[in-house]
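All of these numbers come straight from a predicted model, not from anything done at the bench.
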Amino acid sequence: MKNILYLILWAFCLFPLSSSSQNIDVNILNDLNPRHPTSEYWIQTTNSAYWIPAGFIGGTLVYGLIKKDRQEKIKGYEAFLSVGSAIAVTEILKPLIHRTRPADAYPDKIFTNSPTHGGSFPSGHATLAFSTATTIALQYKRWYIVLPAYLWAGSEAYSRMYLGKHYPTDVLAGIGIGVGGAYFSHWLTKKIFREKQPIKIE
């Protein structure tokens, strides 16, 4: 299992470096990115990558503390670890890969609503969204909770391409890292707390 995860990670890292994959990436992005990406809906969607995860983590922890509910507090810790570990991986990879943002690399082909520079690979917004959505899915396992969570995460990922901020492979890598961070957090949380007292993390 560990070898498979390493292989996937290397594939994500090497794929954007090849010229053929870069051309595919640019062509797909060109189809998704309009000349004037000024839709307020997609701008607000992309901004929600910050406040929705923060609200979910903070709300769960505060509720657990106020109600003195151990289960909710542990769920809050799990969510914090999920998002934190996934973002840590993303922030380590960005300077290592050092991929130029699409609007900087192709200013006549890819357009953005505001200048964004720095590392493009992987997408931090997609990482945040999918680590949050997957944690929600692992904790609650009810379709009427899981479905909206993933619809939001998917919209978040799409918004990064619509706004010309990231290539499709940036987004796919962010999704993979976010999902991986959530599963890692879920496993580690159960491992840490299971010996002290049985907990109900579904």
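- Remark: the backbone N or O of P115 is not paired with any side-chain donor or acceptor of T112 at under 3.5 angstrom.
- Taking CD1 of I43 as the start and CG of N113 as the end, the distance is 4.5 Å to the nearest 0.5 Å.
- The side chain to side chain contact (heavy atoms under 4.5 Å, CB included) with R160 is formed by just one residue from the set L29, T45, T46, L32; it is T46.
- A donor-acceptor contact under 3.5 angstrom links the side chains of K165 and S114, judged on distance only.
- Ionic pairing of R99 and D25 is present here: one or more N-O contacts between side-chain nitrogen and carboxylate oxygen are shorter than 4.0 angstrom.
- For S131 (side chain) and L128 (main-chain N/O), a donor-acceptor pair under 3.5 Å exists by modelled atom type.
- Side chains of D104 and H117 form a contact here, defined as non-hydrogen atoms less than 4.5 Å apart.
- H166 places a side-chain N or O within donor-acceptor distance of the main-chain N or O of S120, the cut-off being under 3.5 Å.
- A 4.5 Å side-chain heavy-atom check between K73 and K68 finds every atom pair outside the cut-off.
- T135 and E78 share no side-chain donor-acceptor pair at under 3.5 Å.
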Practice task
Might you work through the side-chain contact (heavy atoms from CB on, under 4.5 Å) test for I52 and W152, ending with a clear yes or no?
Solution key: CA-CA 10 Å; I52 287 182; W152 163 72; 3.3 Å; yes

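- A distance-only check finds a donor-acceptor pair linking the side chain of D170 to the backbone of Y167 [under 3.5 Å].
- Distance check, rounded to the nearest 0.5 Å: OG of S82 to NE2 of H186 gives 10.5 Å.
- Judged by distance alone, the side chain of T189 and the main-chain N or O of S185 form a donor-acceptor pair under 3.5 Å.
- With hydrogens and angles ignored, the 3.5 Å screen pairs a side-chain donor or acceptor of N33 with a backbone N or O of Y162.
- The cationic atom of K75 (NZ for Lys, CZ for Arg) lies less than 6.0 Å from the six-membered ring centre of Y140 and within 45° of the ring axis.
- Grouping the Ile, Leu, Val, Met, Phe, Trp and Tyr side chains by contacts below 4.5 angstrom, directly or via other members, places I66 apart from L61.
- Residue W187 holds its CH2 atom at 11.0 Å from NZ of K190, rounded to the nearest 0.5 Å.
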